[in-house]
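Encoded as structure tokens, the structure appears first; notes follow it.
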Number of protein chains: 4
Amino acid sequence: MTVSRTVELEGHIIDSGTMQRCFEVIMDLGGDFDVEQFDVGRHKDEESYARLSVTAPDEGTLQSIVHELHQSGVNPIDPEDATLTPAPADRVVPQGFYSTTNHPTDVRVNGQWVEVEDIEMDCAIVVEDPDGDPTARTQVLNGIEAEDLVVTGEAGIRVRPPERPRDSSGPFGFMRGGVSAERPSASLIRKVADALREVKAAGGNVLVVAGPAVIHSGAGDALAELVREGYVDALSAGNGFATHDIERGLYGTSLGMNIETLEHPRKGHKHHIYTISEIVRAGGIENAVADGLVTEGVMYECVENDVDFVLAGSIRDDGPLPDTITDTVEAQNEIRRQAHDADMVVMLSTLLHSVAVGNCLPSTARVVCVDINPATVTQLLDRGSAQALGLVTDVGTFVPTLADELRE
Amino acid sequence: MTVSRTVELEGHIIDSGTMQRCFEVIMDLGGDFDVEQFDVGRHKDEESYARLSVTAPDEGTLQSIVHELHQSGVNPIDPEDATLTPAPADRVVPQGFYSTTNHPTDVRVNGQWVEVEDIEMDCAIVVEDPDGDPTARTQVLNGIEAEDLVVTGEAGIRVRPPERPRDSSGPFGFMRGGVSAERPSASLIRKVADALREVKAAGGNVLVVAGPAVIHSGAGDALAELVREGYVDALSAGNGFATHDIERGLYGTSLGMNIETLEHPRKGHKHHIYTISEIVRAGGIENAVADGLVTEGVMYECVENDVDFVLAGSIRDDGPLPDTITDTVEAQNEIRRQAHDADMVVMLSTLLHSVAVGNCLPSTARVVCVDINPATVTQLLDRGSAQALGLVTDVGTFVPTLADELRE
Amino acid sequence: MTVSRTVELEGHIIDSGTMQRCFEVIMDLGGDFDVEQFDVGRHKDEESYARLSVTAPDEGTLQSIVHELHQSGVNPIDPEDATLTPAPADRVVPQGFYSTTNHPTDVRVNGQWVEVEDIEMDCAIVVEDPDGDPTARTQVLNGIEAEDLVVTGEAGIRVRPPERPRDSSGPFGFMRGGVSAERPSASLIRKVADALREVKAAGGNVLVVAGPAVIHSGAGDALAELVREGYVDALSAGNGFATHDIERGLYGTSLGMNIETLEHPRKGHKHHIYTISEIVRAGGIENAVADGLVTEGVMYECVENDVDFVLAGSIRDDGPLPDTITDTVEAQNEIRRQAHDADMVVMLSTLLHSVAVGNCLPSTARVVCVDINPATVTQLLDRGSAQALGLVTDVGTFVPTLADELRE
Amino acid sequence: MTVSRTVELEGHIIDSGTMQRCFEVIMDLGGDFDVEQFDVGRHKDEESYARLSVTAPDEGTLQSIVHELHQSGVNPIDPEDATLTPAPADRVVPQGFYSTTNHPTDVRVNGQWVEVEDIEMDCAIVVEDPDGDPTARTQVLNGIEAEDLVVTGEAGIRVRPPERPRDSSGPFGFMRGGVSAERPSASLIRKVADALREVKAAGGNVLVVAGPAVIHSGAGDALAELVREGYVDALSAGNGFATHDIERGLYGTSLGMNIETLEHPRKGHKHHIYTISEIVRAGGIENAVADGLVTEGVMYECVENDVDFVLAGSIRDDGPLPDTITDTVEAQNEIRRQAHDADMVVMLSTLLHSVAVGNCLPSTARVVCVDINPATVTQLLDRGSAQALGLVTDVGTFVPTLADELRE
């Protein structure tokens, strides 16, 4: 005795891979299917439509299949309203709550589809005013409050994974090929420059996520220039990045090395610690800039150009600086705010901060990720973003070359 | 016109590399030297002694040289008392404060040498009761309180870097060769097992630092066994590790994959998020064990065997679990406590937590560091620890093979 | 004015990704399409069929599109005979010759489809006796002889990329997920053991490709055991592998280190060079075994168990051993012979030899690739093999664990 | 009952690490020592001298110790003549032959010290005309001819490891710090440019070792410029490098991708194979340049500027090109010739060719090694070269940035 459910797919379901994924999921999880209807888009601008009856040997298997299909944008045909269950206590979600993907998502409330605001993965959906003018928003687990109406189960939810661009032209057309181990670095950097220019020309918001390697690889001046020239709207970094950057201005060193002359490499970190204590004494980075203590560098340019910066704390921090947000939940909330505003994100040599930002991005965000370690780039791109580009290159030459391109 | 200072070295200064480092530092930083006395240890058990007059073209250069020499255990000959300066405010160190190394250190107070307690790198030294029965302790910058007597300058401070073991026998004798890319894995694992047994036989304390890869590489059962069998006294990990471990017990999956049958690999992280919400509902891991919700795994064994665990928060955490310490400064303090108690530290596949622990360890700690990425192992070992071993291997086979060895 | 061509696809064209690839290629290369017919397989065992008219702005673009489609198994509808052109001289192919893929391929000669023997990528196809009983074989460029009838152009050629297995059960069902960075090592090794047993039970041929790291990571005994127990039919390695293996038997060291006791690590390679000179003196490995000089190890077991071994030379070889084939073209031919016989290939920690073997394998071969460097594993798997598994793990624990599994 | 031997060291034995290494070797291998004399260099320009009596429990241990000390430049005090033994047959060395290090070496023949010509590691030493005007040369094992007088044992041999530069100034002063993972890329590239200019100004010979990644990372034009501008005297590469380079000129692609526009990425390698067949047809690269077929690129510039190039074959080659030396022993001899002429070697993204060149270099050679994989850089630098610099960076940005620097 088998059970079945009818699902449907529409859009560019062949070249987006949705149709393939659908067949794979059903077969991998032990189900079978009957294609009830298939209208293929005959031209490249025509969408396709498919309706399948999915069968499985038991209800558990069927549910697993439907769950997986759902995550890929294949939705049950029978539109029911989403189930709403009040949260039993602060920070406690009802059992069986719906855990979000990072794709644009709608929930059905009182027969109408409502788009979920600020979608990001691994969160709950909270619906407000379901009987009046319903809205739906993404809510992280620790932000749930008692009595919040949380979506449970998978009925009445529609996921819309982004489709790949229909051609490879345009500034973001090149952002499709994944990781670049064997691709020409200079040409790719030129494309990134074009994309940055385009986003800025359209009034878009650029978020740069930067690790300490940006500074000690010698790319600090070039990044400071990008900030000064208006290519950066927000900076997401950590205590180490800011300290290295300010140390360079105060002492001319990073990790104890003069990065111009390469002289006096030292094991000791005295300048690093001294930098922190000077900023503590000044009462923070803004004060240190105002006092004339800090007069150059990325943080200086952020202060001078009103670029929003978030320094998130980590357990490997020295100090930390007064500007560093030591509570990770609070820091995540600040990062979330930056991520939601960003039209384009450039991740420079930091796995920790890039993952934190990436966790808050919808799959529609444009992402450029630069790291010398291919495993880092692969991990960061592996989130179903439709417009993401990974460059396996040296941030110490990448940022200066990018700044050169933008100067022309 | 040149300036000069007399310094001295003693101990096994040749085979420990101190003498070589001393000559290098002086020449690299632009100084010169005159060896006034050199008594070489004639046999392998005899110590050596050297006294050098260091000259430099100016006082700044001389100070840089003396600073560097000092960090390597080469100390000025003229014993003065350390300079003590009261901290001007909470969290604010006096200017010119002495920033610690991770080597055993003494300060001279009222003519007597006092050992600095709980030494770790990049901290200040606070002296109490200087005129009575003086003590000295390491203090992180953010723990400084107004009026604390902080050591400033470099006078009256003596650093004693650990010497390498005099031969390669004994359980820790093998821990000298650095990173193991081309060394036989099985033989090294046998040596690690011997070292663990030896430390436990001597009543020592073993701290395991573990990343999530331990669980999803399938090594969870083996690590749980090590905890159960008493080889682990403390566990330092993060929210991700604990969640993956508990997810395995609750759902049989890690990152959505059944790690026994390898079936149903899924992109979605529903089980991961569900695990967190179940533990939140239970009120924490201990409650979840008490309630019979969590019945196996590493965290279960920690609770059942009273193994001290610290879960430090990070900005990439989902949830987090109620047990996760979200404030990074507070988490560092807990990690510091674990590190100071540890006689042997085993770092398993986590750069973030291993660096955090490593920051708090003295250079005398015994450290085994296991990671599949050679760059991670190199970075972790590069802290001047005298007894450290890096294994570039797969934690998914390392921990089970280690457990096998310990079972025999 | 546009030009067009009609192509067709059949088989499991949706879940194999062929349909998606077809749409992508046309759009990426600037063409358009009209789906003239699409019969979707309604159940999972039913094949699909599609016929498309492809249009492009000019003949050059159309040819690029048709060329790309062809490589993915999308073939022009109008069956013509393949064009055969005599080679102008030894080692010189006619211009416009057809360069092979590694997929099963047929050529049309006198109206009938002939399968190309021993298909491998980047070769020419030579047809014999076209007017009588035609045969077609793959021929490397340097093996072409004057007057060979070489296929030119792309007419009359049909490529059949392998389809993915229809479910994930069976010994090779697990070999689909690509690289394993985050998968449980022990479970995967168990699956590899099952696959090896299955292949041997079915009378299949197992080729092991091994690098020197197998020996100096301490896995030599375990690999020797696999040879002795009959799990290995052929060994493809280099001068370094064989020398390290024999050095272990003769001197108990590998790269100068005793891999049991870990004693006496030495920079010098005296034993390595001495080993080579002893084998030169004996006149080769077989003689050295016959003389009782070599009495253990992988090479010993190969000789004793009549396992075919090929030692291919490289420019980094010391010596080399008399058994090492120093001419790379001759060595490739020997490797080619091994590859064509293999039903399953296990690649252990060698990029050079694995690429050489991989170049000769059809896309239908089963491949397991083990390396500690994820970039190596990715590169080796990136060849369109339908049944390939990459494990990012330590060969020093992988081979012993595999031998353990097979012993049970 | 113990045995003993007296050894001596002289030179800058402290800061070169020789003294430390000497003590370590004796203790690690189970011996003891008595420092009979120690005259320390009192100033930085004064050399030191030490004479030690080494004791060991048995003759075997003593020999191991003396062997190890010898390799580090610590020589027995009693000067005997070297033992010369005729080779029994072609390619067969006498038993107990002396295996060379890569350090400058002398042998004592008839009471006089003779420098060994063209020293490289893991070879034999052949003495000619011992009773007349003796000379000594390095000989690879496969080049030994019957009756060659080969040095056996370790008596009468003196090794002189290079000392580190006495200060960090000068063009090569910066080449001491090993691998650069955390060092500023742009500043380091500037230093490499200075070193190149200096070597050329002094009439020195620069050997570039280049892998295919140079071309498909887009650095081909920049390297061609360096050749054209006279910065490169010799090129050591492989079949893949030359083919990719020529493919770019012929088709504008590398691995099928147009590296300017990034358009039309293709899996197929048709252009690659077509390039090879065109060069075969032309009869080689020089002919292809003369015929006007090849008109740009690195190989073109080599031909036009009479830069000596060696293309060494490997088992992963397609084709190969007629210029590729397929016999690895013959190729090694050509590489050896290039290596012996080189004053500075720049290794760009190729492990195989760099190891082959590195094997032939004396420890006095200046080496710059560039690779994006830190493990590759570490492996290449780990050969005791006194002036070697490793840069972990992207060759695709490194070469253009270097060319920029040299243009200024």
Side-chain angles (χ1 to χ4, degrees), chain A residues 28-29 64 67-68 71-72 88-89 91-93 95-97 99 101 121-124 140-142 238 263-270 272-274 276-278 280-281 312-320 322 324 326-332 335 351-353 355-356 358-359 373 375 384, chain B residues 28-29 64 67-68 71-72 88-89 91-93 95-97 99 101 121-124 140-142 238 263-270 272-274 276-278 280-281 312-320 322 324 326-332 335 351-353 355-356 358-359 373 375 384:
Chain A
D28 280 359
L29 299 191
S64 295
H67 170 73
E68 282 299 306
Q71 304 236 339
S72 305
R91 306 169 68 106
V92 180
V93 284
Q95 275 172 315
F97 74 99
S99 171
T101 68
M121 66 174 74
D122 297 332
C123 291
V140 290
L141 297 202
N142 61 53
E263 268 171 13
H264 298 193
R266 303 173 44 246
K267 276 272 170 177
H269 287 191
K270 196 168 78 167
H272 183 74
I273 283 293
Y274 271 35
I276 293 169
S277 75
E278 290 306 307
V280 170
R281 202 183 319 281
S314 106
I315 53 171
R316 57 180 154 186
D317 290 345
D318 292 305
T324 298
T326 59
D327 187 79
T328 53
V329 170
E330 194 187 322
Q332 282 178 328
I335 288 169
L351 183 58
L352 178 63
H353 294 270
V355 168
N359 282 345
N373 183 348
Chain B
D28 280 359
L29 299 192
S64 294
H67 170 73
E68 282 298 306
Q71 304 235 339
S72 306
R91 306 168 69 108
V92 180
V93 283
Q95 274 173 317
F97 74 99
S99 172
T101 70
M121 66 174 74
D122 296 332
C123 290
V140 290
L141 298 202
N142 61 53
E263 269 172 12
H264 296 192
R266 301 173 46 246
K267 277 271 169 175
H269 286 192
K270 194 167 80 166
H272 183 75
I273 282 294
Y274 272 36
I276 293 169
S277 76
E278 289 306 308
V280 170
R281 203 184 317 281
S314 106
I315 53 171
R316 61 180 149 187
D317 291 345
D318 292 305
T324 297
T326 59
D327 186 79
T328 53
V329 170
E330 195 186 321
Q332 283 178 327
I335 288 168
L351 183 59
L352 178 63
H353 294 271
V355 168
N359 282 345
N373 183 348

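In what follows, every chain begins at residue 1, and chains take the letters A, B, ... in the order their sequences are listed.
- Top candidate by heavy-atom pairs under 4.5 Å with chain A, chosen from B:Q332, B:R91, B:H353, is B:Q332.
- Here the side chain of A:R281 pairs a donor or acceptor atom with the backbone of B:V93 at under 3.5 angstrom.
- Contacts with chain B were tallied for A:L351, A:N142, A:L141, A:V329; A:N142 has the most, counting heavy-atom pairs under 4.5 Å.
- Interface residue A:N359: only side-chain heavy atoms are found under 4.5 Å from chain B.
- Looking at A:E278, the atoms closer than 4.5 Å to chain B (heavy atoms on both sides) all sit in the side chain, from C-beta outward.
- Interface residue A:S314: backbone and side-chain heavy atoms are both found under 4.5 Å from chain B.
- Here the side chain of B:Y274 pairs no donor or acceptor atom with the backbone of A:Q95 at under 3.5 angstrom.
- The distance from the CG atom of A:D318 to the CE atom of B:M121 is 9.0 Å, given to the nearest 0.5 Å.
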Give the C-alpha distance, both sets of side-chain angles, the deciding distance and a yes or no for side-chain contact (heavy atoms from CB on, under 4.5 Å) between B:K270 and A:H67.
CA-CA 10 Å; B:K270 194 167 80 166; A:H67 170 73; 3.6 Å; yes
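- The most heavy-atom pairs under 4.5 Å with chain A, out of B:A375, B:A89, B:S72, B:G96, come from B:G96.
- Among residues two or more places apart in sequence or in another chain, the side chain to side chain contact (heavy atoms under 4.5 Å, CB included) test is passed with B:T328 by A:I315, A:T326, A:T328.
- When each of A:T324, A:V355, A:V140 is scored by its heavy-atom pairs under 4.5 Å with chain B, the top score falls to A:V355.
- The contact between A:L352 and chain B is made by backbone and side chain atoms together, counting heavy-atom distances below 4.5 Å.
- Residue A:P322 does not touch chain B at all, counting heavy-atom pairs closer than 4.5 Å.
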